[in-house]
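In what follows, a single structure is set out as structure tokens and then discussed.
Along the sequence shown, residues are numbered consecutively beginning with 1. Fair warning: this is a prediction, and the values are worked out from it, not measured in the lab.
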Amino acid sequence: MGSPDPFTDYAGAVRDVYYHSVAALSVMSWDCLSTFEDEVHYIWPMRVGYTFKWLYLFLRYMPLFAQISTQYILSRMVSGAANNDLCTSWHMSMIGLVLLTSVGVEFVLAFRVYVLCRRQLWVTFLLGCLISAEGSCALLTLWKRYLLDRDEACILFPVLPISKIHGAFTLATESALIIMTLLKRYAIVRAGFSKVPIVTMLTRDGTLAYLLMLALLGCSFGIVKLVGWPPLVMFFWTAAMHSACGSRLILNMAQLPSSKGTVHNDRDMLLTSQIDVSLESLSTR
């Protein structure tokens, strides 16, 4: 018995899209509320020009805004009030948002690995090549989507072949990040420092992020190929998971202890320095 085809059950596909969009918005809203107190304490005091402050705000609130606005846009698309330009623009913006949040999360993870590996040049080159290749696939995905014809009510569209290549590069990048983190963890444990909080946190977060990525890739395959839900539903969940993962990674770094055992919460908080202080303390023991 084959999987259901959303293109032959349009009403069911529309229902699935609405249910998943509301569910993903609910999960994202809950996650924002659950971390809001820490956000006010650790993120807001950062100086205005600090990269991680704006990256946090982007990962936290841009997907939330997109999910909220989607509720209105979907109603216009289903009713037939949306024209072809609105359909194309919305689809491209959704794809672009997912790709940008994915790169944002990988940038945070790559930064942590880069500092953990003591800023070695080969780490920058390797991770830079992988993320650049992934970004190139992302641009091709946007271009292919621009050339794609819309369906009757702008809800259903096929999985683009380039998406599979992009998924392969995503897997390669995430695998490189977690392997490098675990190898560094192994080297530190062998040196006799098995209970260092900074390394434990970086290893834990990196592992959870990797498992989340595998879950998203697996769910994408299962939803489209086995369950038969339209691919659009994965946009909502992927954006929600990227938002939660990326913002929590930055929050965890912001809470790293300083050399005096206190928490940095001043306006010149530098996460690089916090990680460096912890690793320097480790290396001099």
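The two atoms that bring Y42 and L251 nearest to each other are CB-CD2, 4.4 Å, heavy atoms only. Shortest non-hydrogen contact noted between A176 and L130 is CB-CD1, 3.7 Å. Closest approach of L216 to W237, counting heavy atoms only: CD2-O, 4.5 Å. Across all non-hydrogen atoms, the minimal contact from I43 to Y56 is CG2-CD2, 3.7 Å. Scanning both residues, E106 and L177, for their nearest heavy atoms gives O-CD1, 4.3 Å. A240 and M28 get closest at one heavy-atom pair: CA-CE, 3.1 Å.
Interatomic distance, OG1 of T51 versus CD1 of I250, reported as 10.0 Å (0.5 Å rounding). To the nearest 0.5 angstrom, E39 atom CD is 10.0 Å from K53 atom NZ. In this structure, CD1 on I178 lies 13.5 Å from OG1 on T173, to the nearest 0.5 angstrom. Rounding to the nearest 0.5 angstrom, the gap separating the OH atom in Y61 from the SG atom in C32 is 6.0 Å. Expressed to the nearest 0.5 Å, how far OG of S136 lies from CD1 of I165 amounts to 11.5 Å. Distance check, rounded to the nearest 0.5 Å: CZ of F107 to CZ of F52 gives 5.0 Å.
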Walk me through whether Q67 and S243 qualify under side chain to side chain contact (heavy atoms under 4.5 Å, CB included).
CA-CA 11 Å; Q67 297 275 24; S243 174; over 6 Å; no
Mind running side chain to side chain contact (heavy atoms under 4.5 Å, CB included) on L171 and M213 for me, showing each step along the way?
CA-CA 8 Å; L171 180 61; M213 184 277 302; 3.7 Å; yes
So H166 and T170, side chain to side chain contact (heavy atoms under 4.5 Å, CB included) or not? Walk me through it.
CA-CA 6 Å; H166 179 261; T170 300; 3.6 Å; yes
Does the side chain to side chain contact (heavy atoms under 4.5 Å, CB included) test come out yes or no for R112 and M201, once each step is laid out?
CA-CA 11 Å; R112 293 150 66 102; M201 185 272 289; 3.5 Å; yes
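Of the residues listed (L249, L109, V108), the one engaging D205 in a side chain to side chain contact (heavy atoms under 4.5 Å, CB included) is L249, and it is the only one.
Connection of M62 to L64 is established within a shared hydrophobic cluster, with ILVMFWY side chains joined at heavy-atom distances below 4.5 Å, either directly or through further cluster members. L139 and L97 end up in different hydrophobic clusters when Ile, Leu, Val, Met, Phe, Trp and Tyr side chains are linked at under 4.5 Å. Follow the hydrophobic side-chain contacts under 4.5 Å out from L59 and you never reach L33; the two are in separate clusters. Grouping the Ile, Leu, Val, Met, Phe, Trp and Tyr side chains by contacts below 4.5 angstrom, directly or via other members, places L100 with L55. Cluster membership check: L57 shares its hydrophobic cluster with M46, using side-chain heavy-atom separations under 4.5 Å among Ile, Leu, Val, Met, Phe, Trp and Tyr.
By the neighbour-count criterion of 12 heavy atoms within 6.0 Å, atom CD of Q120 is densely surrounded, having more than that number from other residues, nucleotides or ligands. More than 12 heavy atoms of other residues, nucleotides or ligands shown are found within 6.0 angstrom of CZ on F58.
Judged as a side chain to side chain contact (heavy atoms under 4.5 Å, CB included), and not counting sequence neighbours, the contacts of T181 are V113, L116, T203. With sequence neighbours left out, F36 forms a ring pair (Phe, Tyr, Trp, His ring centres under 6.0 Å) with W44. Under the side chain to side chain contact (heavy atoms under 4.5 Å, CB included) criterion, A244 pairs with D31, sequence neighbours left out.
Side-chain contact between I131 and F169: absent, with no pair of heavy atoms (C-beta onward) separated by less than 4.5 Å. No side-chain heavy atom of V22 sits under 4.5 Å from any side-chain heavy atom of Y18. Side chains of E174 and S102 form no contact here, defined as non-hydrogen atoms less than 4.5 Å apart. For the pair R60/T35, a side-chain contact is recorded, criterion being any heavy-atom separation below 4.5 Å from C-beta on.
Side chain of S29 to backbone of L25: a donor-acceptor contact under 3.5 angstrom is found.
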